[in-house]
Amino acid sequence: MKLPRQLADIGLTLGSVLLAILVTTLILIAVGAPPGEAYRNLLAGALESPVKLADVMTAWVPLSLASAGLLITFAAGLWNIGIEGQIVMGAVAATWAVRLFDLPSLLYIPVVLLAGMAGGLAWAVLAGVLKTHGNVHEIFGGLGLNFIAAAFTNYLIFGPWRPASRATMSGTAPFPSTVWLPNLGGLRVSPLALLAALIGMIAVYVALRGTSWGLKLKAVGKNSRASQLIGIDTTRQMLTSFAICGALAGLGGAIQTIGVYHRLIPQISGGYGYLAILVVLLAGMRTVWVPPIAFFFAAVGVGSPRLELRMQLDSSLGGVLQGTIVLFVLLAYGLRVRLAERKSER
Amino acid sequence: MQIELRNIHKHFGPVRANDGISLRVQSGTIHGLLGENGAGKSTLMKILSGYLSLDSGQILVKGRPVSIQSPAQGIRHGIGMLHQDPLDFPAMRVLDNFLLGRGSRLRQHRARAKTELLQLADRFGFPMDPEEMLSTLSIGERQQLEILRLISLGAETLILDEPTTGISTPQKVQLFATLHRLAAEGRSVIFVSHKLEDAEELCHRVTVLRHGRVSGEIEAPFQSAQLVRLMFGQDLPPSERATIPTGQPVLQLDHVTLPGPRFSIPNISMTIRAGEVIGLAGIEGSGQRLFLHACVGLVRPSSGQILLDGQDMVGQSYHHLLKSGMAFLPANRLEEGLVEGLTLAEHCILTDRENMPFFVRWSEAREKARQKISEYNIQGTPDSPIESLSGGNQQRALLSLLPSHLRLLALEHPTRGLDVESARWVWDMLQQRRRQGTAIVFTSADLDEIRERSERIYVFSGGNLSGPVDATETSTTELGMMIGGKAYEIA
């Protein structure tokens, strides 16, 4: 009974992904681009060489960390749209720590990463407190905080933290190399960052699967009224879930600064937070599906600039593909729920 | 306008809300529709006004069969309904509310409508400021506006569902005068209520519903006793009851006032002793739920003291009170009691507050669930999602999840929706709790259950608490009278 249903689920998902690819293909045809060549370029742009693959993994790290965090807030039934700002504030806090200290690498890097986590955590808890104590829905609170975080970053880059030479859009002065995350053989990706993302994913998996805290979180997400009557402190659960999500997002932001750009730049997150929401939605909030889907999204993101270079297409076509897939998968689930309701009504 | 309902059937799943109801309302009369909770009054009126569709049966307006599929169609046939909880828009102005429901012309003639509203208001003597925000009006004033709106839309039959709940006495007097006037103008009024006094004072004719059927129809003047018998059925001889000695006071309410959304319940004083059972009777929404919530700290009284073992507990958190042995079992088992989507084993983990290791021990939790399944005779497995259990088994699960030691257990409709066997089993469990010294407070819509199971009974009626009544000495008729708001001297 259970197996056919799971098979039907997978079939449904695959079908909607195919449908999304079909729609993207139609768009490609409509703009006069040969679809086969476009997809080939997209794939090659992401996977053709170790350098490209390393770039994909570099994008995969913050995306997975943010997605892991979102699994926690989604479990509690929260729409943590503010995750984008939490990544940014993680980067800001990390930069602040870089500027404040001058330590040997072995100490410097952990301190900066911890500062990044604290920055993301604080920004997330702010959104949480706005919800639990200020009655501001987390979507609106988070969205507002995202704008503030972005504006604050720009202020720092053009104000107090501008390079000695002159303020520029390219960000603060480069960090000392003692705080750079070590790379592997000249590739951009840092094994330390990969390890951090992996640990983050596993920790979230364990927390949701095997701890009483995770179970309470799920209870709150499924029915907060009953959870409260059962005796769960729903406010505390929500705030801790915001905190953990924010810490993971902040870690991603810190890695962007000391692992990728080696400085704080405007748009340091570049939309990974929003993209992570799509990843988690596409994964149906199931932890094991998040790493591969995040990889796919990262690959499309890294591969699509080549559409512009080689075929004079807009690189946002990658985003169109990502968005259409999510829409069609959600649509398929929505229709299935609706059909099930009809059936039970009869 | 003459209205006739012929053999109306309506069921919700297995529940027959209307089971072949026939009713005739003459023009120019005020027709009362009486019955206890779940008798089918509201369902029948929602069918007549177009909010619900009927399964079978016929509606005749002025002798002609009609089909009413929506409230808009209802009003086109001249039938308008005033709902118990006003279906208006508090965030809009009085005039905007008045304009709602009029055709779909692009331009609303505000000025013309304003004149019409003021003229109508003047005719009925309602003070009305068209530009005021609706949210500043009292329930009674909102009711008046709704009556004016329906009349201006051409309603010749007005249905009022429990209109006297939550309005002041002068407003009630004015409402009754208005209804008399509407009847004198040739309109008909259907007055849905559970209040005997109101029905006796107002109605020309009364139809009583019970369990989805017509149990009787009487012309004015009415006799209360007769109405109560039709509403609640015959008195049953009291059954044998277990004698369990009561102990020390557990909870004492001292001049407590409870704030409700529509009315507050003033000046409650009560002592609940260990091992005692207190039944709370009354029409749903008369404050029983508020009272149960206050007992366990979910609602904070606006004044007065609630003493738990002699210590004032007002202001203590529900979580703290849970730990000191208070518990509340809600009637909406799947909305408030259990978490849909989680298994029985997961519920065991979540409710075992004393022993909750950070890392879940799944095999231990399943073992615990298995124990509860056999001890409480639950049809299910540790890994069954809780919503897959039947209603009776959900109630068993809820009871099994309560802490082993309880000072006070507040239950809302403990046997609602259960078959006879499950209901008896629930009470057996509760008797065991009593022997351990747990005090029990419960609400029920079933007066027989209240009489049979409790020692003392309190009755809620439209914001007032009366009693206590000794359960062994009272009768269904007497309780029905009290629920109907008839003054009753405390013996």
Side-chain angles (χ1 to χ4, degrees), chain A residues 1-3 5-6 9 71-72 74-78 132-133 202-241 243-244 284-287 333 337 340-346, chain B residues 12-13 289 292-293 296-298 317-343 345-365 383 385-388 394 397-398 401-403 410-412:
Chain A
M1 198 50 206
K2 210 171 176 185
L3 194 68
R5 226 182 88 186
Q6 271 179 353
D9 266 11
L71 283 169
I72 298 273
F74 270 122
L78 298 165
T132 55
H133 293 78
I202 292 170
V204 165
Y205 182 80
V206 171
L208 288 178
R209 263 295 181 85
T211 68
S212 52
W213 177 81
L215 186 59
K216 283 196 250 180
L217 209 60
K218 274 194 253 181
V220 172
K222 287 175 192 297
N223 186 340
S224 79
R225 171 73 182 161
S227 301
Q228 194 208 354
L229 287 179
I230 280 175
I232 297 170
D233 188 338
T234 52
T235 304
R236 196 169 79 185
Q237 287 296 320
M238 284 189 199
L239 288 181
T240 48
S241 82
I244 289 177
M285 295 165 208
R286 281 162 301 193
T287 315
Y333 280 111
V337 169
E341 271 171 11
R342 285 247 178 97
K343 223 180 248 172
S344 70
E345 258 175 38
R346 260 182 227 145
Chain B
F12 300 101
R289 186 180 166 82
L292 292 182
H293 277 177
V296 297
L298 281 166
S317 74
Y318 169 70
H319 291 261
H320 182 81
L321 291 168
L322 269 185
K323 278 184 205 132
S324 42
M326 318 288 275
F328 169 62
L329 228 55
N332 302 328
R333 291 185 273 268
L334 269 189
E335 279 95 61
E336 297 187 307
L338 301 162
V339 181
E340 203 174 331
L342 296 187
T343 65
E346 287 173 321
H347 277 85
C348 288
I349 298 165
L350 289 172
T351 47
D352 193 359
R353 279 178 293 275
E354 259 89 82
N355 175 28
M356 201 192 283
F358 183 72
F359 287 102
V360 173
R361 301 197 193 104
W362 285 107
S363 58
E364 208 174 282
D383 294 318
I386 208 78
E387 69 273 17
S388 70
Q394 284 173 15
L398 266 176
L401 293 169
L402 289 173
L411 304 109
E412 196 180 27

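First the proteins, then the strands, lettered A, B, ... as listed; each starts at 1.
A salt bridge links E412(B) to R289(B): one of the charged nitrogens lies within less than 4.0 Å of a carboxylate oxygen.
At a 4.5 Å heavy-atom cutoff, the contact between L334(B) and chain A is made by backbone atoms alone. If you measure heavy-atom distances from F359(B) to chain A, the contacts under 4.5 Å come from both the backbone and the side chain. Heavy-atom distances place both the backbone and the side chain of L350(B) under 4.5 Å from chain A. When heavy atoms are compared at a cutoff of 4.5 Å, V220(A) does not approach chain B at all. Using a 4.5 Å cut-off between heavy atoms, P357(B) contacts chain A through its backbone alone, with no side-chain atom that close. Using a 4.5 Å cut-off between heavy atoms, F358(B) contacts chain A through both its backbone and its side chain. If you measure heavy-atom distances from E336(B) to chain A, the contacts under 4.5 Å come from both the backbone and the side chain. In this structure, chain A has a heavy atom under 4.5 Å from the side chain of H293(B), while its backbone stays farther away.
In this structure, R353(B) contributes its side chain and I230(A) its backbone to a donor-acceptor pair below 3.5 Å. No donor-acceptor pair closer than 3.5 Å links the side chain of T132(A) to the backbone N or O of T235(A).
Nearest heavy-atom pair across A327(B) and V296(B) is O-CG1, 3.6 Å. The shortest heavy-atom contact between I386(B) and L338(B) is CG1-CD1, 3.7 Å.
Put simply, of H347(B), E335(B), R361(B), the one with the most heavy-atom pairs under 4.5 Å next to chain A is E335(B).
Summarising the local packing, CZ of R286(A) is surrounded by more than 12 heavy atoms from other residues, nucleotides or ligands at distances under 6.0 Å.
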**Step-by-step side-chain contact (heavy atoms from CB on, under 4.5 Å) determination, L217(A) to L208(A)** = CA-CA 8 Å; L217(A) 209 60; L208(A) 288 178; 4.3 Å; yes
